[in-house]
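See below for the structure under consideration.
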Amino acid sequence: AIADPKLQLALVSDIGRGIAQGDFALVYQAKADARNGCVVGAEALLRWTHPVHGAIPPDSFVPTAEKTGAIVELTRWALLRAIEDQALLRAGGDEVVISVNVSARALTDGTFCAEAIERITRAGASLCLEITETAIIEDPPAAIEAIAKFREAGVRISIDDYGAGLSSLGYLKQIHADELKLDKGLISELQTNARDRLILKSTIELAHGLNMSVVSEGVEDEATRALVVALGCDYVQGYLVSRPLALEDFARLCTRARPEGHGSPEPGDFIAMRR
Ligand code: C2E
Ligand code: CA
Ligand code: CA
């Protein structure tokens with residue numbers, strides 16, 4: 001990670017040029033049915049190969065881009081690329097929902113939202129927008145209005161990083177979302193921490209009661225997968241299923257782990273499906 005704030009600001013002024021020069025890419029991390037490993041979706045994650053500094057992880061440039069507003073242009077780029085990539089996947093016979101991370105600055109930008117809805121509708125894309133609680137807390141009325149518009153247009157909404165910060169039940173009450181995404185911090189100590197298991201179980205029940213499906217992120221091993229399934233979780237994401245992959249590699253993974261033809265999958269099929 002690049003810690004120097006001056007360098008970070010310099011990087012932000014490079015973002016526009018980076019987009020124009022094709023220095024950004026999206027990689028796709030599979031989201032799978034927690035019981036049988038069928039790939040049902042993917043999260044699009046940004047990657048930046050800077051001409052001077054090389055590979056820069058999103059944790060280094062996304063927060064700064066959020067501060068300066070460059071994130072809106074970046075999010076626009078990512079969304080349009082995800083729509084194109086989904087069309088390519090469809091052409092290859094793979095029908096998966098693609099999730100795009102949308103930060104507060106973009107979500108509350110009227111121009112961004114209007115164009116996003118227009119492009120998604122025109123392409124008939126099946127997208128999900130991952131929105132963190134901080135995005136909602138920053139400007140609740142604007143966020144709630146934008147979320148409602150996206151949902152009317154058939155776009156799914158996921159509450160990302162749930163359990164990472166001071167997740168409040170207050171906004172679960174206000175936000176009508178389709179998916180709750182449990183933060184990897186809640187998942188990592190499940191084996192050893194009985195309190196975490198209890199919190200997770202009741203959170204999953206609550207989400208189901210509110211008609212949301214539940215995804216656990218950061219699932220790295222089989223024991224954790226079995227545990228989250230036992231607690232009622234619907235989908236998993238993490239290194240157990242796959243690392244984030246370039247589009248071509250993700251397409252190969254999809255084709256190997258398609259939902260059809262696996263009538264009543266056994267949990268034991270989970271790993272086998274992807275070999
Ligand atoms: P996130 O949205 O929570 O994304 C999940 C992060 O966890 C990704 O890191 C992913 O590679 C990593 N991960 C996946 N599976 C595992 C696992 O099993 N174990 C562990 N330890 N980690 C796992 P990545 O790609 O470095 O992205 C970091 C963050 O950068 C994302 O966190 C998201 O907040 C942000 N980000 C990435 N792409 C975008 C984007 O297009 N727009 C916005 N606004 N933010 C983005
Ligand atoms: Ca995310
Ligand atoms: Ca997350």
Side-chain angles (χ1 to χ4, degrees), residues 1-2 12 15 18-19 23-32 34 39 41-49 55-83 85 97-109 112 116 127-136 138 143 156-165 167 177-191 214-225 227-228 233 235-246 249-250 253:
I2 296 166
V12 166
I15 287 178
I19 293 174
D23 296 338
F24 284 92
L26 288 180
V27 288
Y28 291 95
Q29 187 177 36
K31 179 172 110 180
V39 174
E43 177 176 5
L45 294 160
L46 274 169
R47 294 292 179 263
W48 187 8
T49 309
I56 305 175
D59 285 335
S60 297
F61 65 84
V62 167
T64 319
E66 280 174 342
K67 275 186 219 119
T68 66
I71 193 68
V72 180
E73 194 187 349
L74 210 48
T75 306
R76 177 179 180 273
W77 178 85
L79 186 101
L80 298 182
R81 171 52 58 87
I83 292 172
D85 286 351
V97 176
I98 294 186
S99 297
V100 175
N101 291 286
V102 175
S103 14
R105 282 292 270 268
L107 186 69
T108 54
D109 182 315
F112 167 83
L127 294 194
C128 175
L129 305 185
E130 295 194 2
I131 298 167
T132 61
E133 58 190 320
T134 45
I136 297 160
E138 255 171 55
R156 296 170 59 83
I157 299 291
S158 175
I159 299 177
D160 199 4
D161 295 345
Y162 192 77
S167 308
D178 303 279
E179 179 182 280
L180 193 69
K181 205 160 179 187
L182 302 169
D183 188 70
K184 44 183 179 288
L186 262 185
I187 305 299
S188 55
E189 287 172 38
L190 275 188
Q191 316 281 349
V214 180
V215 188
S216 294
E217 67 172 29
V219 175
E220 297 183 351
D221 52 59
E222 173 54 29
T224 304
R225 182 198 69 83
L227 208 61
V228 298
C233 179
Y235 301 102
V236 287
Q237 215 184 309
Y239 300 156
L240 172 69
V241 180
S242 167
R243 299 238 162 203
L245 300 171
D249 299 319
F250 174 68
L253 172 70

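Numbering of ligands and ligand atoms starts at 1, following listing order. Numbering starts at 1 and runs along the sequence shown.
For the pair R47/P244, a side-chain contact is recorded, criterion being any heavy-atom separation below 4.5 Å from C-beta on. Between L245 and Y28 there is no side-chain heavy-atom pair separated by less than 4.5 Å. Two residues are said to be in side-chain contact when any heavy atoms from C-beta on lie closer than 4.5 Å; V214 and V228 fail this criterion. Put simply, the side chain of E130 does not reach to within 4.5 Å of the side chain of D161, judged on heavy atoms. Annotation: side chain of L26 is in contact with side chain of L46 (closest heavy-atom distance under 4.5 Å). When side chains are defined from C-beta on, L240 does not count as touching T224, because their heavy atoms never get closer than 4.5 Å.
Around ligand 1 you find Q29, E43, L45, L46, R47, P58, D59, V62, I71, N101, S103, D160, D161, K184, E217, G218, V219, E220, G238, Y239, P244, each with a heavy-atom distance below 4.0 Å.
E179 and S158 share a donor-acceptor pair across their side chains, judged by distance under 3.5 Å alone.
Counting only distances under 3.0 Å, and ignoring water, the protein N, O or S atoms around the Ca ion (ligand 2) are E43 OE2, N101 OD1, E130 OE1, D160 OD2.
The aromatic rings of W48 and F24 sit parallel to each other, their planes meeting at less than 30°, with 60° as the upper class boundary.
Taking a cutoff of 4.0 Å between a charged side-chain nitrogen and a carboxylate oxygen, E222 and R225 qualify as a salt bridge.
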